[in-house]
Peer 1: 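Just dropping this structure here.
Everything quoted here is computed from the prediction, not taken from an experiment. One-based numbering, in listed order, for ligands and for the atoms of each. These numbers come from the heavy atoms of this one structure, side chains and all, not from hydrogens, waters or symmetry mates.
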Amino acid sequence: MSQTAERIETLLKERRTYQPPAAFKRTAHVRSKKPYQEASRDRLKFWAARAKELEWFKPWKKVLEWNPPHAKWFVGGKLNASVNCLDRHLKNGRRNKVALIWEGEPGDRRTLSYWDLHREVCRFANVLRDLGVKKGDRVAIYMPMIPEVVVAMLACARIGAPHSVVFGGFSAESLKDRINDAEATVLITADKGYRRGQVVPLKRNADEALKETPTIRHVVVVARDGKGSEAAGIEMQPGRDHWYHELMSRASPDAKPAVMDAEDLLFILYTSGTTGKPKGIVHTTGGYLTHVTATTKWVFDLKDDDVFWCTADVGWVTGHSYIVYGPLSLGATVVMYEGAPDWPDKDRFWEIVERYGVTVFYTAPTAIRAFMKWGPEYPARHDLSSLRLLGTVGEPINPEAWIWYHQHIGGKRCPIVDTWWQTETGGIMITPLPGVTRTKPGSATLPFPGIEAALLDGDGNEIKVGGGFLAITSPWPGMLRTIYKDDQRYRDTYWGRWPGKYFTGDGAKRDRDGYFWILGRVDDVLNVAGHRIGTMEVESALVSHPAVAEAAVVGKPHELKGQALVAFVILRAGVSNRPELADELKQHVATKIGAIARPDDIIFTADLPKTRSGKIMRRLLKDIAAGRALGDVTTLADPAVVQALKEKYEEQES
Ligand code: 7RM
């Protein structure tokens with residue numbers, strides 16, 4: 001049985017439902033289905049009402065201009081995202097409210113009030129302006145999870161310079177490619193970060209990337225442990241490299257915000273697609289901020305006394321939308337943690353929840369499955385009674401993990417919001433509203449008010465009940481506007497399948513109540529521990545190794561990570577299979593892309609199963625990797641190849 005078929009089978013058996021607890025419902029922002037009705041009656045009026053909750057320099061003239069596949073939201077409106085995240089809280093009684101509670105992996109702690117954060121952001125905005133950064137210039141950010149990464153993002157927003165945050169776990173080469181695609185002029189990094197007790201040498205990686213990034217004029221380096229504790233051996237190139245603390249010490253804490261058009265770029269974020277080249281997803285200001293602010297408020301039900309912890313890294317869209325822009329725009333208190341969940345021990349997250357009284361907690365199924373495996377004794381060591389709402393994102397959650405999360409983390413009293421969305425959608429799209437929606441373990445439930453989703457078949461016919469491709473059938477405020485410098489790819493990837501309807505790349509099932517059950521990607525994108533990885537990217541990395549002639553990468557089901565990578569490799573003529581070669585190739589991929597893309601298994605083979613026209617039959621490779629009986633082999637050029645591969649893999653596994 002295929003992985004998808006297995007999942008459908010499990011989900012079909014899932015009949016448990018959970019009503020919002022009465023106590024939760026009583027105080028929730030949304031207590032009735034009214035917003036759904038209002039939005040379906042007049043979607044644009046609904047979104048305009050959400051946008052009015054932001055602070056605008058100048059109101060918009062038109063809510064939406066839709067020239068498929070290009071949308072403009074809040075046309076003519078002017079605003080600034082950093083003003084919405086900071087300045088407005090200096091006037092509404094929140095200026096001494098804690099904005100950020102930060103904890104480093106080694107145990108160092110800092111808190112910043114909205115006023116503190118405002119001063120830091122203004123100072124850094126001035127620093128960037130002094131370095132010559134102008135409105136529209138791209139700034140690359142390659143940092144650990146420290147408060148300065150938030151300062152850097154908001155400072156870019158303040159001066160109208162789109163940021164491109166590159167996850168700190170990516171390699172020098174990945175960083176280089178992203179800097180060059182965006183033609184960034186400034187890079188902000190740190191001397192180091194900490195992860196699972198190890199030092200992450202960010203500046204050293206950056207230096208490697210900087211050898212081939214001709215557009216970079218300046219590099220700003222944050223000393224992770226402060227002035228006087230700069231990492232040893234850091235090389236600062238005179239004229240190009242500057243210490244953050246030195247520039248900041250001379251900068252004024254007042255910086256006028258740039259007046260941004262609603263459709264001016266706020267950021268670019270690279271994500272994996274089905275080719276070897278990541279896509280620069282473009283998000284603009286007014287629609288994005290409206291979408292993330294509205295969803296943060298209603299999905300996480302955030303109130304002034306909440307303490308919100310989203311465990312994502314700011315290098316991913318979840319960090320952009322639900323650590324930075326959404327919660328700060330609402331004036332919430334946000335917890336930010338630098339390191340690993342099992343450092344120094346497997347109860348680190350629960351220690352943090354207890355210490356700061358976290359009330360709303362948002363994490364990924366892969367983390368929940370790890371907690372399950374470690375055992376309930378770790379959360380049981382701590383008082384988790386402050387928690388009132390739990391969320392998940394990034395991949396399908398299996399019902400067992402949902403139930404475990406509900407019981408052992410939520411103490412059976414917290415609703416769970418399983419939120420489906422993508423880098424491209426900007427914000428949450430399919431989700432329960434915790435005070436309204438009856439939840440079912442494994443289902444992301446229903447589209448957020450104002451979002452229109454459907455299941456379509458290959459011809460674009462709607463499937464009301466059953467399985468199909470997940471599509472978004474009308475534009476939404478947080479949608480990507482294009483792929484940076486590649487509008488054709490934008491048109492082809494997302495809008496080429498059905499005119500005017502957005503193709504998500506996910507398969508899903510819809511039940512009789514209209515609930516969506518997301519099954520996973522239907523394209524050549526894998527989801528490993530909640531991280532999106534393109535099979536083609538890994539294949540390109542493999543064939544860049546001198547020993548490799550050809551490679552095909554597929555996913556196999558993995559207990560914790562959801563999926564793991566399996567690479568089938570054909571060696572070049574004359575290369576013999578040394579015993580250490582598999583490890584060398586795994587390391588090669590990690591060096592080329594980043595540790596998240598390291599394959600679990602490498603299978604050497606003399607041949608790959610191909611159709612008569614020469615297309616690699618990934619479906620068969622997936623069957624082999626998953627240890628399943630082989631699917632249909634009738635179109636194969638040489639069926640013996642597959643049988644031989646399968647036997648080889650089984651031998652290797654046992
Ligand atoms: C936010 C984020 C997007 C892909 C998406 C799905 C998968 C995300 C869920 C989910 C099932 C969910 N952005 N996905 N959330 N699958 N249930 N609640 O993850 O761009 O990195 O990934 O992740 O396949 O297409 S992302």
Peer 1: Looking only at N/O atoms, are Val317 and ligand 1 under 3.5 Å apart anywhere?
Peer 2: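 Between Val317 and ligand 1, no N or O pair is found under 3.5 Å apart.
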Peer 1: Among all protein heavy atoms, pick out the one at the shortest distance from atom 17 (N) of ligand 1; state its residue, atom name and that distance to 0.1 Å.
Peer 2: Glu395 O, 3.3 Å
Peer 1: Aromatic rings Trp350 and Phe371: how do their planes relate, parallel, tilted or perpendicular, breaks at 30° and 60°?
Peer 2: perpendicular
Peer 1: Would you check if the side chain of His406 reaches a backbone N or O of Ile416 as a donor-acceptor pair within less than 3.5 Å?
Peer 2: no
Peer 1: Distance under 6.0 Å and angle within 45° of the ring axis: does Arg497 meet both against Phe469?
Peer 2: yes
Peer 1: Specify the protein heavy atom at minimum distance from atom 2 (C) of ligand 1: its residue, its atom name, and the distance to 0.1 Å.
Peer 2: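 Here the closest protein heavy atom is Trp421 O, 3.7 Å.
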Peer 1: Out of Lys561, Arg369, Arg532, Arg521, which residue meets the salt bridge (charged side-chain N to carboxylate O under 4.0 Å, His left out) rule with Glu395?
Peer 2: Arg369
Peer 1: Would you mind checking which non-hydrogen protein atom is closest to atom 15 (N) of ligand 1, with the distance to 0.1 Å?
Peer 2: Gly394 N, 3.1 Å
Peer 1: Give the residue, atom name and distance (to 0.1 Å) of the protein heavy atom nearest atom 25 (O) of ligand 1.
Peer 2: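 Here the closest protein heavy atom is Asp506 OD2, 2.6 Å.
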Peer 1: Taking the cut-offs as 6.0 angstrom to the six-membered ring centre and 45 degrees off its axis, would you call Lys440 and Tyr18 a cation-pi pair?
Peer 2: no
Peer 1: Using a 4.0 Å cut-off to any heavy atom of Asn527, which atoms of ligand 1 qualify?
Peer 2: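 Listed by number with element, the hits are 7 (C), 23 (O).
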Peer 1: Does Glu424 reach ligand 1 with a nitrogen or oxygen that is under 3.5 Å from one of the ligand's nitrogen or oxygen atoms?
Peer 2: no
Peer 1: Would you mind running through ligand 1 and noting each atom that sits below 4.0 Å from a heavy atom of Thr419?
Peer 2: 9 (C), 12 (C), 15 (N), 18 (N)
Peer 1: Considering only heavy atoms of Thr423, which atoms of ligand 1 have at least one such atom less than 4.0 Å away?
Peer 2: 13 (N), 20 (O), 21 (O), 26 (S)
Peer 1: Counting both backbone and side chain atoms, is some N or O of Arg532 under 3.5 Å from an N or O of ligand 1?
Peer 2: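 Such a contact does occur with ligand 1.
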Peer 1: Establish, from distance only, whether the side-chain atoms of Ser164 and Arg138 form a donor-acceptor pair under 3.5 Å.
Peer 2: no
Peer 1: Which atoms of ligand 1 sit under 4.0 Å from any heavy atom of Asp418?
Peer 2: 12 (C), 17 (N), 18 (N)
Peer 1: Has Ala444 got any heavy atom lying under 4.0 angstrom from an atom of ligand 1?
Peer 2: no
Peer 1: Is the shortest distance from a heavy atom of Pro396 to ligand 1 less than 4.0 Å?
Peer 2: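 Pro396 counts as a contact of ligand 1 under the 4.0 Å cut-off.
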Peer 1: Provide the number and element of each atom of ligand 1 under 4.0 Å from a heavy atom of Thr318.
Peer 2: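 Listed by number with element: 1 (C).
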Peer 1: With Arg348 as the cation and Tyr337 as the aromatic partner, state whether NZ or CZ is under 6.0 Å from the six-membered ring centre and within 45° of the axis.
Peer 2: no
Peer 1: Between CZ of Arg491 and OG1 of Thr482, what distance do you get to the nearest 0.5 Å?
Peer 2: 8.5 Å
Peer 1: State whether a side-chain donor-acceptor pair under 3.5 Å links Glu537 with Ser272.
Peer 2: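 Indeed, the side chains of Glu537 and Ser272 share at least one donor-acceptor pair under 3.5 Å.
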